[in-house]
Amino acid sequence: MSAPAPSTLAIVDAEPLPRQEEVLTDAALAFVAELHRRFTPRRDELLARRAERRAEIARTSTLDFLPETAAIRADDSWKVAPAPAALNDRRVEITGPTDRKMTINALNSGAKVWLADFEDASAPTWENVVLGQLNLASAYTRAIDFTDERTGKSYALRPDAELATVVMRPRGWHLDERHLQVDGRPVPGALVDFGLYFFHNAQRLLDLGKGPYFYLPKTESHLEARLWNEVFVFAQDYVGIPQGTVRATVLIETITAAYEMEEILYELRDHASGLNAGRWDYLFSIVKNFRDGGAKFVLPDRNAVTMTAPFMRAYTELLVRTCHKRGAHAIGGMAAFIPSRRDAEVNKVAFEKVRADKDREAGDGFDGSWVAHPDLVPIAMESFDKVLGDKPNQKDRLREDVDVKAADLIAIDSLDAKPTYAGLVNAVQVGIRYIEAWLRGLGAVAIFNLMEDAATAEISRSQIWQWINAEVVLDNGEQVTAALARQVAAGELASIRAEIGDEAFAAGNWQQAHDLLLTVSLDEDYADFLTLPAYEQLKG
């Protein structure tokens with residue numbers, strides 16, 4: 001390993017945490033500081049490019065495949081690197097934050113992969129950022145257990161051979177980590193999360209027969225994928241492991257990335273593992289980019305936009321075809337249902353929906369899919385087992401029957417559904433309840449029997465914003481206005497107070513969450529990400 005450069009990285013306004021010295025070593029911080037010096041300037045340029053591209057979409061109300069990269073798409077000769085053994089079978093993946101209990105339960109879940117999440121399922125408190133790293137490192141050395149103080153139940157890891165393979169998701173390029181600064185500037189959260197994890201665990205994972213594997217969120221272009229590839233190349237040389245050890249799966253959860261799937265795989269081809277279809281963030285991205293495009297881009301209630309909607313079918317089928325053409329895994333979307341311990345009928349109906357969704361994905365050619373709860377692992381496993389049998393994946397299904405045109409991906413008006421008053425109420429309910437929990441440091445929150453994360457809040461507030469600005473008339477004849485949104489939000493706040501009682505209400509962040517939701521839903525200047533103003537209010 002090369003000698004670390006002197007670190008000018010400072011820990012700012014952070015309360016000391018137990019065992020943080022195991023994560024925040026001088027050598028690890030020097031590595032993060034070097035990542036920051038080398039790659040943050042380019043990150044900043046790419047964020048500015050996002051704004052320019054969004055302005056172009058506002059002007060034209062359209063998107064197309066890139067003419068300047070047509071040769072990459074036309075060249076049938078290139079493929080991504082072969083999958084390592086630990087990532088060859090990904091038929092069921094479970095997602096969740098990296099607290100101690102989740103770390104043990106996810107690894108023990110029976111899923112092939114655990115998406116260990118520092119992004120949408122984790123509010124970026126200093127405690128979550130640092131102790132999440134500690135939990136993963138402890139899991140790899142089998143030095144982790146957990147006892148629930150409330151129930152007395154103890155949790156411990158199963159034998160190594162039964163544990164899920166970890167694919168870690170760092171924060172997106174747009175988020176900074178205020179507690180780590182170089183020369184007074186915060187380090188991008190993506191480089192903090194990646195850097196600490198990679199530095200401490202890359203060699204350790206290789207020794208276990210696995211490797212440093214990553215999910216890359218919120219990617220908007222192949223140029224952003226290129227930057228990640230440059231980070232990987234530098235990092236592998238820095239710690240002295242072979243090039244190509246890193247593997248990255250990119251979430252295609254922005255509408256612009258959907259037009260650059262092949263180029264994204266090409267940029268990462270020595271490190272690429274696959275692409276994933278992320279539903280809520282994808283819809284959020286459509287609203288964000290086409291929010292001033294008029295009635296043809298207005299989305300109905302989020303729960304009315306299923307994966308069978310024509311423009312969503314275009315997106316997922318193009319993803320499968322693209323991945324398999326290039327030898328990459330295609331990973332399907334989330335089953336977010338949280339089983340009820342009290343209502344067997346609710347579970348029965350929901351399980352049937354999950355089964356139908358996973359059957360469809362397996363039938364369409366996906367190589368795996370996501371679930372949010374261990375009880376859903378067997379259901380998803382059964383769907384993929386029926387199609388795969390003993391095969392680890394179905395990358396041999398090239399889906400050459402798929403022919404998606406540029407216009408198909410943004411044919412929002414092909415969906416026969418309209419916004420409803422119930423949809424507005426649900427957006428407000430979920431938005432307030434999720435933001436309140438996020439401000440308490442929780443990123444994955446069970447709301448109305450669904451596991452919600454930051455993407456849920458993003459689509460909720462974006463729809464409120466879009467419906468107001470597009471002057472949408474709901475099914476009950478009311479036009480969506482700022483006044484109506486405030487009225488619904490006030491009613492929801494009163495309902496929550498009645499539901500949980502005055503004492504619990506006062507102890508929570510309910511008014512703050514209400515106010516923040518209305519700010520990002522009603523402001524004329526649309527905030528690019530809810531988590532940016534929310535982070536300013538996050539304690540810890």
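What you see is a predicted model, and the numbers here were worked out from it, not measured in a lab. For the single chain, residues carry numbers from 1 onward in sequence order. In what follows, every heavy atom counts, from backbone to side chain, and hydrogens, waters and symmetry copies are set aside.
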>> Does any part of the side chain of His373, heavy atoms only, come nearer than 4.5 Å to the side chain of Asn105, both counted from C-beta?
In response: no
> Asn276 and Tyr215: side chain to side chain contact (heavy atoms under 4.5 Å, CB included), yes or no, with the steps?
Replying inline: CA-CA 9 Å; Asn276 164 270; Tyr215 259 111; 3.8 Å; yes
> Could you give the distance from CZ (Phe337) to CE (Met451), rounded to the nearest 0.5 Å?
Replying inline: 11.5 Å
>> Looking at Thr40 and Arg43, would you say the former's side chain and the latter's main chain have a donor-acceptor pair under 3.5 Å?
In response: no
> Say you draw a straight line from CG of Leu134 to CD1 of Ile144; how long is it, rounded to the nearest 0.5 Å?
Replying inline: 8.0 Å
>> Return the OG1 to CZ distance between Thr256 and Arg50, rounded to the nearest 0.5 Å.
In response: 8.0 Å
>> On the six-membered ring of Phe529, is Lys288 placed so that its NZ or CZ lies under 6.0 angstrom from the centre and within 45° of the ring axis?
In response: yes
> Quick one: OG on Ser109 to CD1 on Ile104, what's the gap to the nearest 0.5 Å?
Replying inline: 12.5 Å
> With side chains defined as the heavy atoms from C-beta onward, is the minimum distance between Pro124 and Leu538 less than 4.5 Å?
Replying inline: yes
> Hey, are the side chains of Phe384 and Ser369 touching, using non-hydrogen atoms and a 4.5 Å cut-off?
Replying inline: yes
>> Has Thr245 got a side-chain atom pairing as donor or acceptor with Ile241's backbone, closer than 3.5 angstrom?
In response: no
> How many angstroms lie between atom OH of Tyr155 and atom CG of Leu107, to the nearest 0.5 angstrom?
Replying inline: 14.5 Å
> Hey, is CD on Glu68 packed in by over 12 heavy atoms from elsewhere, all under 6.0 Å?
Replying inline: yes
>> With heavy-atom distances below 4.5 Å as the criterion, would you say the side chains of Tyr213 and Val166 are in contact?
In response: no
>> Counting only heavy atoms from other residues, nucleotides and ligands, does the tally under 6.0 Å from CD of Glu21 exceed 12?
In response: yes
> For Glu22, does its backbone N or O pair with a side-chain atom of Thr25 as donor and acceptor, under 3.5 Å?
Replying inline: no
> Is the closest side-chain donor-acceptor distance between Asp237 and Gln243 under 3.5 Å?
Replying inline: yes
>> Applying side chain to side chain contact (heavy atoms under 4.5 Å, CB included) to Arg171 and Val129, what does each step give before you reach the verdict?
In response: CA-CA 10 Å; Arg171 281 168 280 182; Val129 168; 3.6 Å; yes
> Between Asn108 (side chain) and Arg158 (backbone), is there a donor-acceptor pair under 3.5 Å?
Replying inline: yes
>> Using the rule given for side chain to side chain contact (heavy atoms under 4.5 Å, CB included), can you reason through Asp13 versus Arg178, listing the C-alpha separation, both sets of side-chain angles and the distance that settles it, and then say yes or no?
In response: CA-CA 8 Å; Asp13 296 330; Arg178 64 176 175 234; over 6 Å; no
> So do the side chains of Arg49 and Leu223 get within less than 4.5 Å of each other, counting heavy atoms only?
Replying inline: yes
>> Do Ile11 and Leu180 make a side-chain contact, defined as non-hydrogen atoms from C-beta onward lying under 4.5 Å apart?
In response: yes
> Are any side-chain N or O atoms of Asp453 and backbone N or O atoms of Ala455, one a donor and one an acceptor, separated by less than 3.5 Å?
Replying inline: yes
> Just by distance, with hydrogens left out, do His271 and Asn229 show a side-chain donor and acceptor under 3.5 Å apart?
Replying inline: yes
> Do Arg326 and Trp78 meet the cation-pi criteria used here (NZ or CZ under 6.0 Å from the six-membered ring centre, within 45° of the axis)?
Replying inline: yes
>> Can you give me the closest heavy-atom contact between Pro188 and Asp176, atom names plus distance?
In response: CA-OD1, 3.6 Å
> Which atom pair, heavy atoms only, marks the closest approach of Val404 to Ala314?
Replying inline: CG2-O, 3.5 Å
>> Strictly distance-based, threshold 3.5 Å: is any side-chain N or O of Lys358 a donor or acceptor partner for the main-chain N or O of Glu382?
In response: no
>> Set out, in order, the CA-CA distance, both residues' side-chain angles and the distance that settles side-chain hydrogen bond (donor to acceptor under 3.5 Å, both in side chains) for Thr103 and Thr98, then state yes or no.
In response: CA-CA 5 Å; Thr103 295; Thr98 54; 5.5 Å; no
> What's the spacing between Leu319 CG and Leu275 CG if we round to 0.5 Å?
Replying inline: 5.0 Å
> What do the steps show when you test Thr219 against Glu224 for side-chain hydrogen bond (donor to acceptor under 3.5 Å, both in side chains), and what is the final call?
Replying inline: CA-CA 6 Å; Thr219 301; Glu224 295 178 16; 5.0 Å; no
> Which heavy-atom pair separates Arg397 from Ala362 by the least distance, and what is that distance?
Replying inline: NH1-O, 3.9 Å
> Does the side chain of Asp99 come under 3.5 Å of the side chain of Asn135 through a donor N or O and an acceptor N or O?
Replying inline: no
> Which pair of heavy atoms, one from Arg399 and one from Arg321, lies closest together, and at what distance?
Replying inline: O-CD, 3.5 Å
> Where do Asn88 and Asn393 land on the side-chain hydrogen bond (donor to acceptor under 3.5 Å, both in side chains) test, with the steps shown first?
Replying inline: CA-CA 7 Å; Asn88 203 29; Asn393 55 63; 3.2 Å; yes
> Can you tell if the side chain of Met312 reaches within under 4.5 Å of the side chain of Leu283, non-hydrogen atoms only?
Replying inline: yes
>> A cation-pi test, strictly: NZ or CZ of Arg73 under 6.0 Å from the centre of the six-membered ring of Tyr266 and no more than 45 degrees from its axis. Yes or no?
In response: no
>> Taking CD in Glu127 as the centre, count heavy atoms belonging to other residues, nucleotides or ligands within less than 6.0 Å. Is the count above 12?
In response: no
>> So does Gly540 get a backbone contact from the side chain of His179, meaning a donor-acceptor N/O pair under 3.5 Å?
In response: yes
> How about Val187 and Val32: do any of their side-chain heavy atoms sit closer than 4.5 Å?
Replying inline: yes
> So, Tyr535 versus Trp438, ring centres under 6.0 angstrom or not?
Replying inline: no
>> Determine whether a donor-acceptor pair (N or O, by modelled atom type, separation under 3.5 Å) exists between the side chain of Glu361 and the backbone of Gly333.
In response: yes
>> If you apply the rule side chain to side chain contact (heavy atoms under 4.5 Å, CB included), what do you find for Met307 with Thr316, and how did you get there?
In response: CA-CA 8 Å; Met307 299 306 283; Thr316 56; 3.4 Å; yes
> Are more than 12 heavy atoms from other residues, nucleotides or ligands located less than 6.0 Å from atom CG of Asp148?
Replying inline: yes
> Going through the distances and angles, do Ser285 and Asp281 end up as a side-chain hydrogen bond (donor to acceptor under 3.5 Å, both in side chains)?
Replying inline: CA-CA 6 Å; Ser285 174; Asp281 263 320; over 6 Å; no
> What is the minimum heavy-atom distance between Arg53 and Leu66, and which atoms define it?
Replying inline: NH2-CD2, 3.9 Å
> Can you list the steps and then say if Phe232 with Phe194 is a ring pair (Phe, Tyr, Trp, His ring centres under 6.0 Å)?
Replying inline: CA-CA 10 Å; Phe232 297 156; Phe194 166 82; 5.7 Å; yes
> So, Arg142 and Asp160, do they make that salt bridge, N to O below 4.0 Å?
Replying inline: yes
> Does His200 reach the main-chain N or O of Val23 with its side chain, forming a donor-acceptor pair under 3.5 Å?
Replying inline: yes
> Is it true that Tyr197 and Phe214 have ring centroids separated by less than 6.0 Å?
Replying inline: yes
>> Main chain of Arg279, side chain of Glu253: is a donor-acceptor contact present, judged purely on distance under 3.5 Å?
In response: no
>> Under a 3.5 Å threshold, yes or no: a donor from one side chain and an acceptor from the other, between His324 and Asp367?
In response: yes
> Using a distance-only test with no angle check, is there a side-chain donor-acceptor pair under 3.5 angstrom linking Thr69 and Glu263?
Replying inline: yes
